[in-house]
Amino acid sequence: MSAADDSRFMARAIQLARNGLYTTAPNPRVGCLLVKAGEIIGEGFHYQAGEPHAERIALTEAGAQAKGATAYVTLEPCCHHGRTPPCSDALIEAGVTHVVVGMLDPNPKVAGQGLAQLQKAGIKTKSGLLQAEAEQLNPGFIKRMTSGLPFVRCKLAMSLDGRTAMADGESKWITSNAARLDVQQLRAKSSAIITGIETVLNDDPSMNVRIAAEALRGVVTEQDIIQPLRVVMDSNLRTPPTAKMLSLPGETVIAYTNGDATAIAKLESAGATLIQLPGPAGQVEAKKVLRYLAEREINEVLIEAGPTLAGRFLAAGLIDELVIYMAFHLMGDGSRGLFNLPGLEQMSQRINLEVSDMRRLGPDLRITATLKPPI
């Protein structure tokens, strides 16, 4: 097989993996292709935790033709028993002779051992093909496995002059329907959404996915859209038991430091899950919240909060990606800014960003950026 053929087949495997963009959590998104004599004989992608992995689906489709074939897999085949049996065993039993993977599995239970098992069985292996593209499929899974923290996106909407709300808090709507639909897609691929108590008190948000399945990329069905875990950082338990999100399907977690027994009982009776996370100055510590979410196998987190909480995460270096929707209008000096970042007084203290993507969404602009390391 030529290098061009290898890249073409791996690109197809990556395309297949994207079909599970909204449904595989906490598992990674994986695609697999089986090729023999230059022809595709089997395809598969992982759709949902507990269901067959991509390799087994492709092997089932290929049947007896899998003997002597080459497998292209976006992630190293698993070699341990989880909810399903090892895919490495299935590839060996099917008589596959070559396995090409996009990236090694960062899960310590695999981490190269899957390929080692294949090699021991006489199967030729190759890793790192279209690795950057393969890694883009699973930023949260990779980060959780390597650092013990989920991947954190922070979504913000602003005017051209960097304002997120009027002085009295009015913010509906800064951006267009196209931008708000895109936000629903961000929510759908996130396993948790974090907000602050001020947002709850001012806006009474739903913090849920409100989008038709056909508007999502991939093959997700309406019933398989997973509502993200809703997380409120509320140090002193000011969340009202009548908050809209507490009456919606899915789970709401309230992280607090101080709260009396009456407030705790009322919120738990309303359906909230309460976790006490003591922090400095009586505030819930952002990193402790992220560690808690990682322990619950949350891969990707979306922050939808006001400038104070967003600024806390940014200043702590806990944001992996910023997604900023910019509308082409002006809201004036009295309006609220994008981040509260006290202590930045000199140009040398600036937080530098690197833009990875910029595109139009209807009349608005979506800017995706990461934090650049300090110079």
Side-chain angles (χ1 to χ4, degrees), residues 21-22 24-29 106 135-158 164 182-200 205 207-209 226-235 250-255 275 277 279-280 283-325 338-341 351-357 366-374:
L21 190 63
Y22 306 104
T24 63
N27 289 357
R29 301 141 183 158
E135 289 173 348
Q136 287 171 8
L137 291 168
N138 295 296
F141 180 79
I142 294 169
K143 189 178 178 192
R144 180 166 65 87
M145 289 296 165
T146 56
S147 73
L149 294 173
F151 184 91
V152 180
R153 290 186 184 88
C154 182
K155 161 260 165 185
L156 296 150
M158 71 176 190
T164 62
D182 196 70
V183 170
Q184 293 298 320
Q185 293 176 336
L186 277 184
R187 287 183 179 182
K189 71 177 182 180
S190 302
S191 297
I193 303 175
I194 295 177
T195 196
I197 181 57
E198 297 302 332
T199 298
V200 173
M207 285 173 58
N208 60 351
V209 177
I226 303 169
Q227 288 297 334
L229 188 70
R230 298 179 289 269
V231 182
V232 181
M233 292 177 63
D234 178 10
S235 297
E251 182 182 359
T252 298
V253 171
I254 301 176
I275 56 165
L277 297 174
Q283 285 190 323
V284 174
E285 188 178 338
K287 196 166 188 177
K288 285 184 179 179
V289 173
L290 295 180
R291 284 181 180 144
Y292 163 80
L293 293 176
E295 288 170 1
R296 290 194 57 171
E297 297 187 306
I298 298 295
N299 290 333
E300 297 182 31
V301 171
L302 182 64
I303 297 174
E304 293 196 49
T308 300
L309 188 60
R312 280 175 58 193
F313 274 88
L314 186 66
L318 296 173
I319 294 177
D320 297 294
E321 184 176 86
L322 289 168
V323 182
I324 301 172
Y325 299 89
L338 202 61
F339 293 101
N340 285 349
L341 292 167
I351 297 174
N352 295 307
L353 305 177
E354 183 170 347
V355 175
S356 58
D357 185 73
R366 187 187 72 190
I367 303 166
T368 305
T370 55
L371 275 64
K372 292 177 69 173

Name all residues meeting the salt bridge (Lys or Arg N to Asp or Glu O under 4.0 Å) criterion together with R296; count only those two or more places apart in sequence or in a different chain, and write none if there are none.
-> E251

Per side chain to side chain contact (heavy atoms under 4.5 Å, CB included), R230 is matched among N208, I254, T195 by N208

Determine the minimum heavy-atom distance between F151 and G140, stating which atoms define it.
-> CB-CA, 3.5 Å

Is there a donor in the side chain of N138 and an acceptor in the side chain of R29, or the other way round, less than 3.5 Å apart?
-> no

How close do I319 and A310 get, heavy atom to heavy atom, and via which atoms?
-> CD1-O, 4.0 Å

Residues in side chain to side chain contact (heavy atoms under 4.5 Å, CB included) contact with A315, at least two apart in sequence or another chain = L341

Rounded to the nearest 0.5 angstrom, the CZ-CG distance for F339 and L309 is 10.5 Å

Any side-chain hydrogen bond (donor to acceptor under 3.5 Å, both in side chains) pairs touching residues 315-324, not counting sequence neighbours?
-> K143-D320, R153-E321

Find the distance between CG (L21) and CD (Q185) and round it off to the nearest 0.5 Å.
-> 9.0 Å

Rounded to the nearest 0.5 Å, the CD1 atom of I298 sits from the CG atom of L293 at a distance of 6.0 Å

Worked check of side-chain contact (heavy atoms from CB on, under 4.5 Å) between V253 and Y292 = CA-CA 11 Å; V253 171; Y292 163 80; 3.9 Å; yes

Step-by-step side-chain contact (heavy atoms from CB on, under 4.5 Å) determination, L371 to L314 | CA-CA 9 Å; L371 275 64; L314 186 66; 3.6 Å; yes

Nearest-0.5 Å distance, CG of residue L353 to CD1 of residue I367 = 9.5 Å

How many angstroms lie between CG in L186 and CD1 in I193, if you round to the nearest 0.5 Å?
-> 9.5 Å

Which residues pass the side chain to side chain contact (heavy atoms under 4.5 Å, CB included) test with E354, sequence neighbours left out?
-> T370, K372

What's the spacing between M233 CE and E198 CD if we round to 0.5 Å?
-> 12.5 Å

Just grab all the salt bridge (charged side-chain N to carboxylate O under 4.0 Å, His left out) pairs involving residues 301-317, residues at least two apart or on different chains.
-> K155-E304, R187-E304

Do you know which two heavy atoms are closest between P106 and M145, and how far apart they sit?
-> O-CB, 3.7 Å

Those residues at least two apart in sequence (or on a different chain) that pass side chain to side chain contact (heavy atoms under 4.5 Å, CB included) with A255 are I275, L277, V284, V289

Can L338 and I324 be said to form a side-chain contact (heavy atoms from CB on, under 4.5 Å), step by step?
-> CA-CA 10 Å; L338 202 61; I324 301 172; 4.2 Å; yes

Qualifying residue for side chain to side chain contact (heavy atoms under 4.5 Å, CB included) with I194, from V232, V152, L290 = L290

Looking at Q227 and V209, what are the two nearest heavy atoms and their distance?
-> OE1-N, 2.8 Å

Can you check whether I197's main-chain N or O pairs, donor with acceptor, with D234's side chain at less than 3.5 Å?
-> no

Among P228, S190, C154, whose side chain to side chain contact (heavy atoms under 4.5 Å, CB included) with L302 holds?
-> S190

